[in-house]
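Each remark here refers to the structure printed beneath this line.
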Amino acid sequence: MAKETANKKATGHWSMGLLASMDDPELRVEADDKLVIIKDKYPKAKYHFLVLPREKIPSLKSLTAQHLELLQYIHKKGEEIADRANKELRFRFGYHAVPSMSHLHMHVISQDFDSPCLKTKKHWNSFTTQYFVDSSEIIRQLEKKGKVEVGGPDANELLKQDLRCHVCKKKFANMPGLKSHIVFHNVTKSKNK
DNA sequence: GTTCTAGAAC
DNA sequence: GTTCTAGAAC
């Protein structure tokens with residue numbers, strides 16, 4: 001209680017924040033009996049949603065073949081929300097190899113990466129290197145092996161990689177340089193690149 | 001995950 | 001002198 005103001009409810013450690021966000025009407029976009037979709041509190045692109053199962057699944061490591069149907073449903077609902085948000089922009093659907101926040105969540109993020117909340121190399125590399133694992137890849141692994149194996153001890157090194165444009169692979173020395181470059185790319189689905 | 005900020009990089 | 005990154009936060 002010492003550090004919490006009297007009118008704010010303590011929600012525990014910051015890594016548990018997603019559970020509170022799931023119930024936040026400001027962030028919630030959609031919900032049914034199996035999952036909740038919220039807007040990312042600090043969106044890293046024009047459109048950035050999180051799809052969270054209601055079932056308490058701590059991480060990718062907890063997944064078994066029994067979760068296949070749920071993961072396919074999460075993916076489907078993610079595609080729907082992306083389509084509803086913007087039909088032109090390209091989106092990716094996937095999971096961070098080693099997420100900071102507890103509770104399994106699939107990112108639905110438009111590939112413009114045009115957002116003031118996108119600030120650091122870690123942000124960038126977490127969405128544009130192999131640290132970002134496509135949902136389809138997760139589902140494939142689960143179908144094939146009955147479990148998911150991503151990340152590993154070298155996962156953190158991925159976040160330290162040099163900054164590269166995700167479209168043309170051009171290298172940049174710092175974030176402001178990269179950010180002013182990527183706004184010139186069209187990240188639409190099918191139109192001329 | 002973010003905020004803050006010291007000191008590196010420019 | 002200003003911009004930018006990177007590490008601590010109990």
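Below, chain A is the first sequence line, B the second, and so on; all start at residue 1.
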Original post:
Within this structure, what is the CZ-to-P distance between Phe172(A) and dA9(B), rounded to whole angstrom?
Top reply: 21 Å
Subject >> Phosphate OP1/OP2 of dA6(C): any Lys119(A) side-chain N/O under 4.0 Å >> reply: no
**OP:** Indicate whether the side chain of Ser136(A) and that of Asp134(A) have a donor and an acceptor atom separated by less than 3.5 Å.
**Re:** no
Original post:
Glu137(A) and Gln141(A): side-chain donor and acceptor closer than 3.5 Å?
Top reply: yes
**OP:** Whole angstrom is fine here: how far is it from NZ in Lys160(A) over to P in dT5(C)?
**Re:** 16 Å
Original post:
Separation of Lys122(A) atom NZ from dT5(C) atom P, in whole Å?
Top reply: 15 Å
**OP:** Start with the C-alpha distance between Met175(A) and Thr120(A), add both sets of side-chain angles, then the distance that settles side chain to side chain contact (heavy atoms under 4.5 Å, CB included), and finish with yes or no.
**Re:** CA-CA 7 Å; Met175(A) 284 302 291; Thr120(A) 69; 5.5 Å; no
**OP:** Give the nucleotide from the list dG1(B), dT5(C), dA6(C) with an atom nearest to the side chain of Ser100(A).
**Re:** dG1(B)
Original post:
Should Asp162(A) and Lys171(A) count as an ion pair when the cut-off is N to O under 4.0 Å?
Top reply: yes
Original post:
Gln111(A) and His166(A): which non-hydrogen atoms are nearest, and at how many Å?
Top reply: O-NE2, 2.8 Å
Original post:
Just how far, in rounded Å, is C1' of dC4(C) from CE of Met175(A)?
Top reply: 11 Å
Original post:
Roughly how many Å is it from CD1 in Ile38(A) to P in dG1(B), rounded to a whole number?
Top reply: 14 Å
Original post:
Where the side chain of Trp14(A) is concerned, which of dT5(C), dT2(B), dG1(B) is the nearest nucleotide?
Top reply: dG1(B)
Original post:
Once you round it to whole Å, what is the distance between P of dA6(C) and CD of Glu157(A)?
Top reply: 13 Å
**OP:** May I have the distance from Leu118(A) (atom CG) to dG1(B) (atom C1'), rounded to whole angstrom?
**Re:** 14 Å
Original post:
When you check the phosphate oxygens OP1 and OP2 of dT2(B), does a side-chain N or O of His123(A) lie under 4.0 Å from one of them?
Top reply: yes
Original post:
What dot-bracket string describes DNA chain B from 5' to 3', counting Watson-Crick and G-U wobble pairs whose defining distances are under 3.5 Å, with [ ] for crossing pairs and | for pairs to another strand?
Top reply: .|||||||||
Original post:
Rounded to the nearest Å, what distance is computed from the NZ atom of residue Lys121(A) to the P atom of nucleotide dG1(B)?
Top reply: 16 Å
**OP:** Please check if Leu158(A) and Phe127(A) belong to a single hydrophobic cluster, counting links between Ile, Leu, Val, Met, Phe, Trp and Tyr side chain heavy atoms closer than 4.5 Å.
**Re:** no
Subject >> Plane angle bin for Phe49(A) and Tyr47(A) - parallel if under 30°, tilted between 30 and 60°, otherwise perpendicular >> reply: parallel
Subject >> Sugar-phosphate only, base, or nothing, as touched by Pro176(A) at under 4.0 Å among non-hydrogen atoms >> reply: sugar-phosphate
